[in-house]
Amino acid sequence: MQTDSADILKQESENKMIQDAFQHLLDTYLASPHKKKVEIITKAFNFARNAHKGAKRLSGEPYIMHPIAVAQIACEEMGLGSTSICAALLHDVVEDTEFNIDDIQSMFGDKIAQIVEGLTKISGGIFGEQASQQAENFKKLLLTMNEDIRVVLIKICDRLHNMRTLQSQLPNKKYKIAGETRYIYAPLASRLGLYKIKTELENLCFKFEHPEEYQNIKQKLKFTQEEREQLFDDFTKPIREILDKDGFEYQLKARVKSPYSIWNKMQNKHLDFNDIYDILAVRIIFTPKVAEREVEETLYIYAALTKIYKPHPDRTRIWLTQPKNNGYQALHVTLMSKQGQWVEVQIRSRRMDLIDEKGLAAHWHYKHEVPDNYEEDKLTPLIHDIKEILDDPHPNPTEFLDAVKMNLYASEIVVFTPKGDSIRLPLKSTVLDFAFHIHTVLGNHCVGAKVNHKMETASYQLHSGDQVEILTSATQHAKEEWLDFAVTAKAKNKIKAILRRYNRELQKKGEEQLTQWLQSKDLQPTTQLLEKMCKANHITKLQQLYLAIGKGTVILDNKQYTLLQEQNKTKNNWLRKLPFIHNQKANTDNQLTIQNNLFVVGKDFNKKIPVVIDETAITLLKFPHCCHPIPGDDILGYIDDNNNIEIHLRNCPQADRLKVTNGNRILDAKWDMHRKILFHATLTIEGIDRKGLLLDVAKVISQDLNVDIQSLTLGAQEEIFRGNIQLKVYDRNDMKRIMQRLNNIQGLQNVQSFQTFNQND
């Protein structure tokens with residue numbers, strides 16, 4: 001009886017929670033400028049609630065809370081209307097319940113059904129089990145932009161809520177989902193102008209991938225809050241006076257750099273938290289006195305500010321008459337405060353601010369709902385970019401996703417043809433990118449260009465304002481090395497298409513050479529033999545082997561014949577004693593073996609169990625050259641194409657790609673080292689030169705801390721010195737201790753660490 005009573009109370013509590021969440025959604029919608037279509041929203045809610053009845057999320061809450069939350073984000077944070085809200089409420093119904101798309105269409109009409117169908121096609125996460133399928137699924141997502149952009153917008157809302165509730169997932173799932181989000185969804189949100197959502201997605205990824213560093217930066221921001229508030233008040237006081245005097249209606253906001261953005265800058269520029277000067281920015285949001293003169297009034301405010309403060313000569317950015325490709329408009333200037341600190345100021349009208357807050361959706365803010373023929377002029381550049389990426393009919397999945405990320409996230413430049421026509425290209429685009437943008441034939445025969453009437457090579461990096469005239473030669477053709485400096489998806493796709501034609505001829509030549517060579521050795525080209533040959537040459541596909549032979553990079557000689565005779569396979573029953581194996585299922589032999597002195601994972605290996613790295617396991621794991629973790633670093637594991645286990649830093653660029661292209665192979669990994677193995681690490685130091693400095697550095701490291709110095713190189717230019725110190729340490733704590741002590745040495749201004757790992761220690 002008590003149990004029944006408890007169940008009733010629990011059900012009543014859940015019902016109230018659901019009803020309160022839906023009422024909050026309705027209240028938000030009613031406060032918006034959209035037409036009031038409460039009846040159809042309520043109908044969609046009741047339908048979805050009934051469809052998901054009894055279903056729970058991993059957190060234990062009723063499943064219907066997720067669609068409500070997605071609809072809330074669509075309404076409140078994107079400013080979308082009733083059609084989008086209904087589609088958000090219904091977005092999981094077809095995928096997870098007994099209802100189909102015909103049911104949705106009959107009850108809610110064609111438009112809502114079309115959006116729900118688009119969401120169903122890309123449900124369950126973009127990325128599946130196979131890399132080729134992952135790329136195909138992501139293509140579906142991109143193609144929906146051309147059908148109805150709201151499919152993508154609601155998908156971003158869905159991902160945002162999933163990230164907000166990611167705590168319930170296992171660590172390996174967290175890394176996979178966070179990796180997908182940072183690699184694809186955050187850039188996509190940025191490209192659509194959804195700055196706030198893009199920032200939150202990045203911060204949530206940072207929080208779940210590097211929890212200690214996230215909390216550390218949050219704490220430091222909290223400690224420095226009072227100092228920032230004082231700087232903001234002092235800095236903005238004369239700005240307020242001049243804006244008041246000129247009769248502007250305005251608002252001043254303090255914008256604090258996000259934890260992820262701070263950490264990213266610390267990593268990329270090797271800075272300490274205290275060395276980042278642009279944590280605070282000031283945002284001026286004004287109402288134009290005359291709507292048609294908002295650009296002129298923005299420039300007027302800029303001129304007024306430069307009379308108060310000195311501007312940084314290289315840090316003024318103007319996106320007014322030519323907005324960014326996501327619609328962003330503003331003027332940014334960095335000014336020197338009276339306190340001796342640089343402060344970035346962003347000047348924008350209220351209309352510009354709305355576009356920054358809600359991105360593409362802001363264009364529909366006063367139209368009350370996205371019309372069927374939504375503003376295609378706003379989407380045309382984006383759709384054009386997407387179509388260029390999709391042009392490649394046979395993309396390598398990783399390269400495809402890299403192209404998407406680069407083209408979505410890149411800042412842009414504006415360059416000019418000889419006739420003065422303007423062309424937008426991603427930042428860091430080259431002469432070659434420009435040539436292929438104009439025409440494939442022009443790109444294929446490009447030998448260089450006249451840039452501002454000066455001869456430059458095809459790899460020359462263009463800058464905004466450059467005028468470019470392409471130079472060609474009939475004897476020039478696309479080369480593989482062009483892929484190293486081509487930036488745009490269009491250029492890369494065209495180069496690869498040209499090379500594919502040429503490579504097909506080389507593959508045929510290589511296949512003929514291999515057949516003849518095997519015949520001369522009395523060997524048959526069996527599948528097993530060819531697979532073994534691929535493995536011996538570190539090649540994954542047979543076609544790549546033929547190509548390598550055709551190019552001459554794989555030579556058919558006696559050494560090749562010897563490789564084919566080797567038998568390396570061994571088994572070890574002692575594996576079950578290793579720390580990350582004893583939690584596996586009983587039949588260890590089918591889950592983990594050793595080949596070539598490396599772990600080989602079996603089909604029943606439990607990916608939910610963390611890889612625990614101790615002194616025994618570390619010698620049987622791969623540590624690729626892309627990153628060099630040492631104990632104490634945030635790491636993850638990855639099952640590679642040979643079923644070996646690789647260990648990467650969680651923020652390693654290669655690991656980011658793996659989370660996206662092969663997220664199902666990601667493993668959680670933890671250190672369990674006992675200060676028995678030394679790891680190579682490198683420190684970079686710089687500062688003001690003085691007599692005896694080198695002796696002080698060596699004394700602190702070798703004598704005081706008893707750490708072995710492998711090598712030390714220093715160079716001085718006038719009064720400034722820079723150098724590298726290679727050390728052997730046990731873990732990250734050793735590095736922190738060394739850096740803390742070195743920072744106390746007189747003259748040392750900056751100490752940073754770069755780690756390398758040597759498995760032979």
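Any value given below was found using the heavy atoms of this structure, including those in side chains, with hydrogens, waters and symmetry copies removed.
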Could you go through the side chain to side chain contact (heavy atoms under 4.5 Å, CB included) check for K36 and L30 one step at a time? CA-CA 7 Å; K36 303 305 180 275; L30 289 169; 3.7 Å; yes
Minimal non-hydrogen separation, I112 against I40, with atom names: CD1-CD1, 4.0 Å
Kindly say whether A21 contributes a backbone atom to a donor-acceptor pair with the side chain of H24 at under 3.5 angstrom? no
With a 4.0 Å cut-off on N to O distance, would you call D353 and R351 a salt bridge? no
Minimal heavy-atom distance between T199 and S258, with the atoms involved, is CG2-CB, 3.6 Å
Within the distance-only criterion (no hydrogens, no angle test), does the side chain of R57 pair as donor or acceptor with the backbone N or O of I64 below 3.5 angstrom? no
Apply salt bridge (Lys or Arg N to Asp or Glu O under 4.0 Å) to E180 and K176, showing your working. CA-CA 6 Å; E180 287 177 3; K176 172 189 180 293; 2.7 Å; yes
Do side-chain atoms of E294 reach the backbone of S349 as a donor and acceptor pair under 3.5 angstrom? no
Taking N172's backbone N and O only, do any of them form a donor-acceptor pair with D668's side chain (distance below 3.5 Å, no angle check)? no
Shortest non-hydrogen pair, Y175 vs I666, comes out as CB-CG2, 4.0 Å
Any non-hydrogen side-chain atom of F232 less than 4.5 Å from a side-chain atom of V282? yes
Looking only at side chains, do D27 and Q23 share a donor and an acceptor under 3.5 Å apart? yes
Using residues 45-55 as the side-chain source, report each donor-acceptor pair under 3.5 Å to any protein atom, sequence neighbours left out, with the distance given to one decimal.
| residue | atom | partner | partner atom | Å |
| --- | --- | --- | --- | --- |
| N46 | ND2 | T42 | O | 3.2 |
| R49 | NH1 | Q19 | OE1 | 3.4 |
| R49 | NH2 | N15 | OD1 | 3.1 |

Do we see a donor-acceptor contact under 3.5 Å between the side chains of E229 and Q225? yes
Closer than 3.5 angstrom, by distance alone: can the side chain of R650 be matched with the main-chain N or O of E209 as a donor-acceptor pair? yes
Nearest heavy atoms of L90 and A44, plus distance in Å: CD2-O, 3.7 Å
Close side-chain approach of L280 and L231, heavy atoms under 4.5 Å: yes
Just by distance, do the side chain of S13 and the backbone of L9 share a donor-acceptor pair under 3.5 Å? no
I'd like to know if K198 and E202 make a salt bridge, using a cut-off of under 4.0 Å between side-chain N and carboxylate O. yes
Looking at E14 and K56, is there a salt bridge between them, counting it only when a charged N and a carboxylate O are closer than 4.0 Å? yes
Roughly how far, to the nearest 0.5 Å, is CD1 of I85 from CD of E76? 11.0 Å
Pairwise side-chain contact, L153 with S84, heavy-atom cut-off 4.5 Å (strictly under): no
How about I156 and R159: do any of their side-chain heavy atoms sit closer than 4.5 Å? no
Determine whether T165 and H161 satisfy the following criterion, side chain to side chain contact (heavy atoms under 4.5 Å, CB included), listing intermediate values before the conclusion. CA-CA 6 Å; T165 56; H161 185 248; 3.8 Å; yes
Could you report the tightest heavy-atom contact between S168 and L58, atom names first, then the distance? CB-CB, 3.8 Å
SB check K220 E227 (cutoff 4.0 Å): no
The reported gap from CD in Q105 to CG in D103 (rounded to nearest 0.5 angstrom) is 10.0 Å
Verify, without hydrogens or angle tests, whether N662 (side chain) and R665 (backbone) share a donor-acceptor contact under 3.5 angstrom. no
State, with a plain yes or no, whether a side-chain heavy atom of W671 is found less than 4.5 Å away from one of P629. yes
Check against side chain to side chain contact (heavy atoms under 4.5 Å, CB included), L201 and R182: CA-CA 7 Å; L201 287 172; R182 185 161 42 80; over 6 Å; no
Rounded to the nearest 0.5 angstrom, the OG-OH distance for S190 and Y195 is 9.0 Å
Could you grab the distance from atom CG of L80 to atom CZ of R150, nearest 0.5 Å is fine? 8.0 Å
Shortest non-hydrogen contact from I154 to A87? CD1-CB, 3.7 Å
Flag yes if more than 12 heavy atoms outside K257 fall under 6.0 Å of its NZ atom; otherwise flag no. yes
Any idea how Y328 and H332 line up, ring-wise: parallel (<30°), tilted (30 to 60°), or perpendicular (>60°)? perpendicular
How far apart are the C-alpha atoms of L89 and L25, what are their side-chain angles, what is the distance that settles it, and do they pass the side chain to side chain contact (heavy atoms under 4.5 Å, CB included) test? CA-CA 11 Å; L89 288 167; L25 171 63; 4.3 Å; yes
For the residue pair R657 and Q654, confirm or rule out a side-chain donor-acceptor distance under 3.5 Å. yes
Hey, does the side chain of N268 reach the backbone of K265 with a donor-acceptor pair shorter than 3.5 angstrom? no
Judged by modelled atom types alone, do Y63 and D92 share a side-chain donor-acceptor pair under 3.5 Å? yes
If you define the side chain from C-beta out and look only at heavy atoms, does anything of I279 sit under 4.5 Å from L221? yes
Donor-acceptor pair, Y29 side chain versus K37 backbone, under 3.5 Å? yes
L160 versus Y185: any side-chain heavy-atom pair under 4.5 Å? no
Could you check whether any side-chain heavy atom of M163 comes within less than 4.5 Å of a side-chain heavy atom of K174, counting everything from C-beta outward? no
Side chains of E212 and H210: any donor to acceptor distance under 3.5 Å? no
What distance do Q167 atom CD and L204 atom CG have between them, rounded to the nearest 0.5 Å? 11.0 Å
Let me confirm one number: the CH2-CD distance from W319 to Q346, rounded to the nearest 0.5 Å. 8.5 Å
D633 (side chain) donor-acceptor with I635 (main chain) under 3.5 angstrom: no
